[in-house]
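A single structure is presented below for examination.
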Protein chains: 2
Amino acid sequence: MKKITMKDVADKAGVSKSTVSQYINNRYEYMAPATKERIENAIEELGYVPNYVAKSLKQKKTATIGVIVANMLHSFTTEIIRVIEDTCNQNDFHIFVCNADDNPEKEQAYITMLMAKQVDGLIIFPTMGNRELYKQLKKAQFPVVFIDRKVEPVLFPTFMLDNDKTSELAVERFIKRGRTKICLVGQSIESGITPRIERIGGYKKALFHNGLHVNEKWIITGDSDGINQQLQSLWQDEEARPNAFFAINGMAALNLLLFLKEHSIHIPEDVSVITMDDSPFLAASSPAITVVAQPNSQMGIDTANMMIGLIGNPELKKEYQVFRYPPTLIERESV
Amino acid sequence: MKKITMKDVADKAGVSKSTVSQYINNRYEYMAPATKERIENAIEELGYVPNYVAKSLKQKKTATIGVIVANMLHSFTTEIIRVIEDTCNQNDFHIFVCNADDNPEKEQAYITMLMAKQVDGLIIFPTMGNRELYKQLKKAQFPVVFIDRKVEPVLFPTFMLDNDKTSELAVERFIKRGRTKICLVGQSIESGITPRIERIGGYKKALFHNGLHVNEKWIITGDSDGINQQLQSLWQDEEARPNAFFAINGMAALNLLLFLKEHSIHIPEDVSVITMDDSPFLAASSPAITVVAQPNSQMGIDTANMMIGLIGNPELKKEYQVFRYPPTLIERESV
DNA sequence: CTGAAAGCGCTAACAT
DNA sequence: ATGTTAGCGCTTTCAG
């Protein structure tokens with residue numbers, strides 16, 4: 001089963017390749033209606049599909065955007081990918097999604113691979129471990145947009161949640177309810193991932209503004225095991241027990257919920273809980289969990305549009321501002 | 001910022017393009033060490049990245065596999081994508097993921113697009129709406145593998161859950177607990193999506209084998225609204241009330257859980273619940289939900305390996321068997 | 001309105 | 001051990 005090429009269509013229709021090319025690219029202006037029809041039929045009969053690889057080579061553009069996500073098992077991520085895909089499709093771009101798994105080496109390998117594949121631009125949830133590479137991309141004036149996390153200096157347009165506000169929303173909700181012994185639970189901040197650091201910063205600021213002091217013991221970060229152990233030991237000391245928990249991401253929320261369940265600590269009677277990254281299950285669970293949600297769709301749409309704009313006019317500014325999005329509190333039953 | 005090509009490297013190293021090509025493709029056999037080093041340096045200094053588009057055009061293969069998923073917001077889907085990506089990467093293939101959104105037209109557009117991009121093969125979660133297209137792919141002997149759903153006749157290797165067994169596991173667990181008024185909840189079966197149909201079939205068989213009769217009112221399918229309404233009206237009639245619910249996918253589970261919550265129907269005191277598609281949240285909720293889980297990783301690995309095998313030796317058989325995977329019951333607190 | 005021809009960046013015989 | 005050459009399938013001037 002030989003591949004059908006443009007030449008086959010041209011031969012069958014009795015015209016030259018270039019005329020077929022015109023047809024494929026919807027430039028019928030000066031084409032005789034009869035010619036057009038003959039080409040149409042030939043394509044139909046042969047089942048011809050144009051070869052984008054050849055087209056891309058010639059045009060030096062692929063109409064595809066590489067998307068490198070930090071963790072694609074996260075619903076936050078998939079929701080954003082989905083709107084990015086929609087927005088790109090509307091503008092005749094395709095996206096090539098890669099999962100860096102929060103691993104800088106994988107990220108680097110994917111960036112190189114996507115460049116080799118000649119993508120027209122890159123949307124990245126940066127791992128924070130490839131500053132040098134980002135600089136090179138900037139020097140090459142390659143279109144890049146960051147989302148969710150920022151890398152200093154801000155070489156590329158960056159779209160992020162207002163993480164300070166996020167923590168403020170949670171803390172003030174707890175205070176309103178009269179719970180001031182507030183514990184924050186999150187994943188490791190060792191690799192310097194901005195949202196985590198900013199949310200902790202925002203938590204401290206919010207406590208301060210409300211005249212509460214920061215208890216370092218009430219800032220728990222780590223992997224599943226680490227979080228669990230710290231939760232355990234924190235709970236030993238009855239004096240030190242918090243009466244409210246703010247989980248700053250889905251994984252931390254899970255560990256927290258599991259811990260509370262195991263120890264038969266009741267929500268909201270014993271402790272209040274607010275988590276981030278809404279999931280339908282959080283609304284369906286008992287009690288339904290109050291969350292701070294982020295405007296995923298808008299962030300995805302804006303990111304994609306910025307990317308498309310950059311591809312159209314790849315003149316990068318020296319430095320960029322970070323675009324911030326306001327979080328919202330979705331009140332349910334856990335506070 | 002001009003793109004660096006192989007010619008630039010060749011000039012700089014004082015060799016010909018073909019020698020550079022040899023180097024790039026790790027064929028150093030007959031290459032003088034000095035030459036190798038000069039090329040190495042030239043590449044380094046120039047920051048040369050090979051152009052895969054040109055390579056693909058020449059070699060008539062792209063080392064990329066297209067993956068068309070039915071719904072990428074589903075955790076079942078993302079988990080499988082992840083292992084497919086890993087398996088492909090280990091074999092030096094890349095994957096291009098597209099989200100058909102359970103829409104046959106989108107699926108068709110993506111198939112055409114991916115063919116145009118010259119992918120070497122296609123892994124598809126089929127929407128069931130493109131039988132003709134599948135036949136054409138078969139006729140062209142194009143490597144395709146189906147996952148999750150089957151299309152009759154089985155033109156391509158197909159990897160699926162043993163859906164009969166799935167329902168049997170749930171039904172028998174309910175019976176063991178003494179709950180025989182078992183209601184099944186699922187999404188619409190109008191478009192003929194196999195897992196849904198098979199799970200309903202399996203449910204009926206399991207009831208029959210256990211001497212229970214099938215009550216059509218206890219088979220609820222539809223979209224969120226539809227499920228909700230049917231649940232409402234079913235619950236009106238106290239005589240007809242089931243005492244066990246089997247939700248055959250994540251979305252149905254959500255609707256069910258929400259309904260039970262709203263009506264303060266307690267799990268497991270009032271009704272038993274088993275759902276499908278495990279999610280960490282199901283383990284953390286109160287009560288923790290018993291689920292029937294599928295071996296996602298194994299299915300993904302086998303699917304990817306089959307695809308890679310097919311690409312290596314694209315001789316499709318006339319017809320294929322369906323590879324079935326056994327589900328497992330994860331007992332928690334909801335039965 | 002249509003055709004001829006050059007070339008995108010790379011690979012793979014085939015020479016040397 | 002390295003260079004020469006002929007395309008891969010398409011687009012795009014430029015002629016006619």
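Chain A is the first sequence line, chain B the second, and so forth, proteins listed ahead of strands; every chain is numbered from 1.
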Legend entry - Atom-pair distance (NZ on B:K61; P on C:dC10), nearest Å: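 Taking atom P of C:dC10 as the reference, NZ of B:K61 is at 17 Å.
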
Inset, instruction - Just call it for B:Y48: base, sugar-phosphate, or nothing, with non-hydrogen atoms closer than 4.0 Å on any strand. - result: sugar-phosphate

Inset, instruction - Return the value, rounded to whole Å, for the distance between atom CE of B:M6 and atom P of C:dC8. - result: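 Answer to the nearest Å: 15 Å.
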
Legend entry - Charged N-O contact under 4.0 Å between A:E79 and A:R82: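 The answer is no: the pair does not qualify as a salt bridge.
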
Inset, instruction - Can you figure out which of D:dT12, D:dC10, D:dC8 approaches the side chain of A:K55 most closely? - result: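 Nucleotide nearest to A:K55's side chain: D:dC10.
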
Inset, instruction - Go through D:dG9, C:dG3, D:dT2 for me and flag the one nearest to the A:S18 side chain. - result: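 Taking heavy atoms from C-beta onward, the closest nucleotide is C:dG3.
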
Legend entry - Most 5' of B:A54 and B:Q22 on DNA chain D, judged by nearest nucleotide: B:Q22

Legend entry - Distance-only donor-acceptor check, side chains B:Y110 and B:D101, under 3.5 Å: no

Legend entry - C:dA12 base / B:S21 side chain donor-acceptor hit below 3.5 Å: no

Legend entry - Whether B:N296 side chain and B:I80 backbone form a donor-acceptor pair below 3.5 Å: no

Legend entry - d(OH, B:Y52; C1', D:dC8) in whole Å: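 Atom-to-atom, B:Y52 to D:dC8, this comes out as 19 Å.
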
Inset, instruction - Output yes when B:D11 and B:K7 qualify as a salt bridge under the 4.0 Å nitrogen-oxygen rule, no when they do not. - result: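 Salt bridge: yes.
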
Inset, instruction - Could you please name the option among D:dC8, C:dC8, C:dC10 that lies closest to any side-chain atom of B:L57? - result: D:dC8

Inset, instruction - Look at the side-chain N and O atoms of B:N51 and state whether any lies under 4.0 Å from the OP1 or OP2 oxygen of C:dC8. - result: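 For B:N51, the contact criterion (side-chain N or O under 4.0 Å from OP1 or OP2 of C:dC8) is not met.
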
Inset, instruction - With the side chain of A:K17 defined as its heavy atoms from C-beta on, choose the nearest nucleotide among C:dG9, D:dT2, D:dC10. - result: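 For the A:K17 side chain, the nearest candidate turns out to be D:dC10.
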
Legend entry - B:D102 with B:R149: basic N within carboxylate O range, under 4.0 Å: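 Yes.
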
Legend entry - N/O donor-acceptor pair, side chain B:K58 with base D:dG7, under 3.5 angstrom: yes

Inset, instruction - Would you indicate what B:T35 reaches in the nucleic acid, counting non-hydrogen atoms under 4.0 angstrom: base, sugar-phosphate, or nothing? - result: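 Sugar-phosphate, backbone atoms only, no base.
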
Inset, instruction - Return the nearest nucleotide to the side chain of A:S16; candidates are C:dA13, C:dG3, C:dC10. - result: C:dG3

Legend entry - Nearest-neighbour nucleotide for the A:V15 side chain, C:dC10, C:dG3, D:dC10 considered: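 So the nucleotide nearest the side chain must be C:dG3.
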
